[in-house]
Amino acid sequence: MLGQLPSFLVVLLFQFIAVSAYNKISFTNVGFSGSFLNVKKISDPTNDKCTCELDTSRTYFSGTNAPLSEYLSVHFRGPLTLSKFGFYTSSSFVINNTRSSADWTRNAYYDSSSQTSQNVTFLTNAGEQSPCLGNALTYLASNGSGAAGSSQILEDNNLIASDKEYAIFSNISCPKSGEKEGCGVYRKDIPAFYGFGGVTKMFLFEFEMPTETQQNSTSFGYYDMPAIWLLDDHIPRTSQYPTNSNCSCWASGCGEFDIFEVMNSTQLNDLYSTFHTFQGTDDLHNGLQASGSIPRDTSGVMRGGVVFDSSGNTISFISNSTVFDESISASALNSLLANIANNDTFSTQLASVAAPSSTGTARSNGISAFEKRDGLWISVISIATAVVHMLLL
Ligand SMILES: *[C@@H]1O[C@H](CO)[C@@H](O)[C@H](O)[C@H]1NC(C)=O
Ligand SMILES: *[C@@H]1O[C@H](CO)[C@@H](O)[C@H](O)[C@H]1NC(C)=O
Ligand SMILES: *[C@@H]1O[C@H](CO)[C@@H](O)[C@H](O)[C@H]1NC(C)=O
Ligand SMILES: *[C@@H]1O[C@H](CO)[C@@H](O)[C@H](O)[C@H]1NC(C)=O
Ligand SMILES: *[C@@H]1O[C@H](CO)[C@@H](O)[C@H](O)[C@H]1NC(C)=O
Ligand SMILES: *[C@@H]1O[C@H](CO)[C@@H](O)[C@H](O)[C@H]1NC(C)=O
Ligand SMILES: *[C@@H]1O[C@H](CO)[C@@H](O)[C@H](O)[C@H]1NC(C)=O
Ligand SMILES: *[C@@H]1O[C@H](CO)[C@@H](O)[C@H](O)[C@H]1NC(C)=O
Ligand SMILES: *[C@@H]1O[C@H](CO)[C@@H](O)[C@H](O)[C@H]1NC(C)=O
């Protein structure tokens with residue numbers, strides 16, 4: 001059928017589909033009842049016999065935004081420059097409903113230009129290498145690449161290259177490692193801090209994701225694939241990149257949310273949002289990814305972040321109206337979000353999950369049936385209109 005269309009129209013059609021981009025990616029019905037397995041024991045970390053044991057009893061979670069309602073660490077991959085970061089909580093916030101919403105309070109803050117750092121600890125995987133755990137967490141060097149001996153403030157103009165990663169935790173130290181302790185079991189000799197907790201929370205960023213300038217793409221694992229994402233904070237404290245899946249709670253579904261992530265399989269200038277939880281899927285690796293994406297601006301500054309509200313709505317957004325004030329009123333955030341038009345919003349509903357199964361894996365239809373691709377349909381309709389016009393002429 002496409003063969004009968006003039007070739008420029010076919011090109012136009014594919015361009016429209018490829019650039020189906022949004023500034024707001026919205027997930028509804030976020031949070032379910034489930035469980036996962038924490039790490040119970042790490043043995044011989046620096047030895048070839050290195051091994052880990054998961055707990056024999058499951059850790060259960062439930063409620064709004066679960067399991068992302070737990071403490072989360074914030075992760076960054078280059079090429080990326082971070083100029084501002086803010087973490088906010090609210091006692092209650094419902095998107096679109098100012099009456100049920102209280103203001104947001106800033107609980108952590110980083111500003112590169114004034115070198116302000118409040119309740120923020122920069123860490124990276126640049127410590128001791130282990131066959132089963134990978135590199136240990138260490139403090140991050142102020143230039144954003146490699147290890148430092150003590151906590152440093154990330155410097156201004158802190159561009160990191162492809163493959164380079166670091167993370168932000170709070171400045172609240174963990175109690176000692178232990179199954180019944182606040183941070184669970186974690187790797188020996190790491191700087192161990194809590195991530196950022198709360199059911200209703202928001203992470204804001206001012207950042208750049210310029211195109212990678214180094215030429216030799218084959219020497220990178222993630223060439224020109226920047227990302228900002230959230231992990232259950234137990235994951236990096238045991239192992240973010242284990243060779244043995246028993247060395248992390250990730251594989252059993254303790255939780256990851258990707259806020260802005262370039263995917264290998266698609267355009268390098270599209271930023272995707274993805275839940276890696278078992279809510280309505282068995283496929284944790286691919287997760288529940290909205291098929292709409294946010295454009296990556298490779299030459300400008302981007303401002304935006306993610307809101308997890310009090311009734312299971314999660315919104316990743318980019319807006320130059322984003323501010324990093326100590327307090328953000330409910331009405332200001334609602335109008336910022338409302339000012340991103342409906343036809344610039346991609347909405348996805350997560351599947352309802354009744355109860356955790358014995359494996360902790362919840363099955364359902366997944367998300368694809370619920371997606372609302374406003375922008376795409378608008379594009380297709382306008383192409384159809386254009387075709388009709390052409391045929392009539
Ligand atoms: C917010 O309101 C807009 C416009 O009325 C609507 O399209 C959208 O679905 C609402 N979002 C949420 C999360 O309720
Ligand atoms: C953590 O950060 C807060 C906010 O900046 C500060 O008041 C507090 O002293 C810091 N605590 C530690 C242990 O550094
Ligand atoms: C960043 O700092 C680390 C630690 O001081 C150093 O090893 C590394 O070479 C520096 N990287 C750059 C690109 O300057
Ligand atoms: C720092 O972040 C932690 C983790 O979310 C939070 O418990 C604590 O209240 C924050 N500290 C300040 C001073 O806001
Ligand atoms: C590119 O990187 C690969 C893998 O690190 C290396 O084998 C190759 O020699 C490099 N090529 C150039 C031109 O630097
Ligand atoms: C991305 O794709 C390239 C080419 O197919 C491959 O060599 C590379 O390993 C992939 N990287 C990741 C992170 O999947
Ligand atoms: C993980 O632990 C389970 C239960 O002890 C064991 O059966 C499995 O072989 C372990 N997996 C790996 C990769 O070591
Ligand atoms: C947002 O503002 C920055 C400059 O602060 C600019 O580089 C960027 O292009 C702007 N983005 C949009 C979508 O207007
Ligand atoms: C989105 O809606 C706004 C206002 O309703 C309109 O001005 C704009 O042209 C629309 N954009 C697209 C791509 O249809």
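All ligand and atom numbering here is 1-based and tracks the order in the structure. This chain uses plain numbering: 1 for the first residue, then up along the sequence. In what follows, every heavy atom counts, from backbone to side chain, and hydrogens, waters and symmetry copies are set aside.
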Tabulated below should be the N or O atoms of ligand 4 paired with protein N or O atoms at under 3.5 Å; can you produce that?
{"residue": "ligand 4", "atom": "2 (O)", "partner": "Asn119", "partner atom": "ND2", "Å": "2.4"}
{"residue": "ligand 4", "atom": "5 (O)", "partner": "Gly197", "partner atom": "N", "Å": "3.2"}
{"residue": "ligand 4", "atom": "11 (N)", "partner": "Asn119", "partner atom": "ND2", "Å": "2.7"}
{"residue": "ligand 4", "atom": "14 (O)", "partner": "Asn107", "partner atom": "O", "Å": "3.2"}
{"residue": "ligand 4", "atom": "14 (O)", "partner": "Asn107", "partner atom": "ND2", "Å": "3.3"}

**OP:** Answer yes if the ring centres of Phe324 and Phe85 are under 6.0 angstrom apart, and no otherwise.
**Re:** no

Original post:
Is there a nitrogen or oxygen of Asn246 sitting under 3.5 Å from a nitrogen or oxygen of ligand 7?
Top reply: yes

Original post:
For the side chain to side chain contact (heavy atoms under 4.5 Å, CB included) test, which of Ser319, Ser316, Pro295 pairs with Asn23?
Top reply: Pro295

**OP:** Could you tell me if the ring centre of Phe346 sits under 6.0 Å from that of Tyr22?
**Re:** yes

Original post:
Under a heavy-atom criterion of less than 4.0 Å, does Leu54 contact ligand 7?
Top reply: no

Original post:
So, Cys249 with Cys254, SGs under 2.5 angstrom?
Top reply: yes

**OP:** Decide, based on the SG atoms alone, whether Cys247 and Cys132 are under 2.5 Å apart.
**Re:** no

Original post:
Which one of Asp224, Ile318, Asp270 satisfies the side chain to side chain contact (heavy atoms under 4.5 Å, CB included) criterion with Arg296?
Top reply: Asp224

**OP:** Over 60° means perpendicular and under 30° means parallel, so classify the ring planes of Phe196 and Phe203, tilted if in between.
**Re:** perpendicular

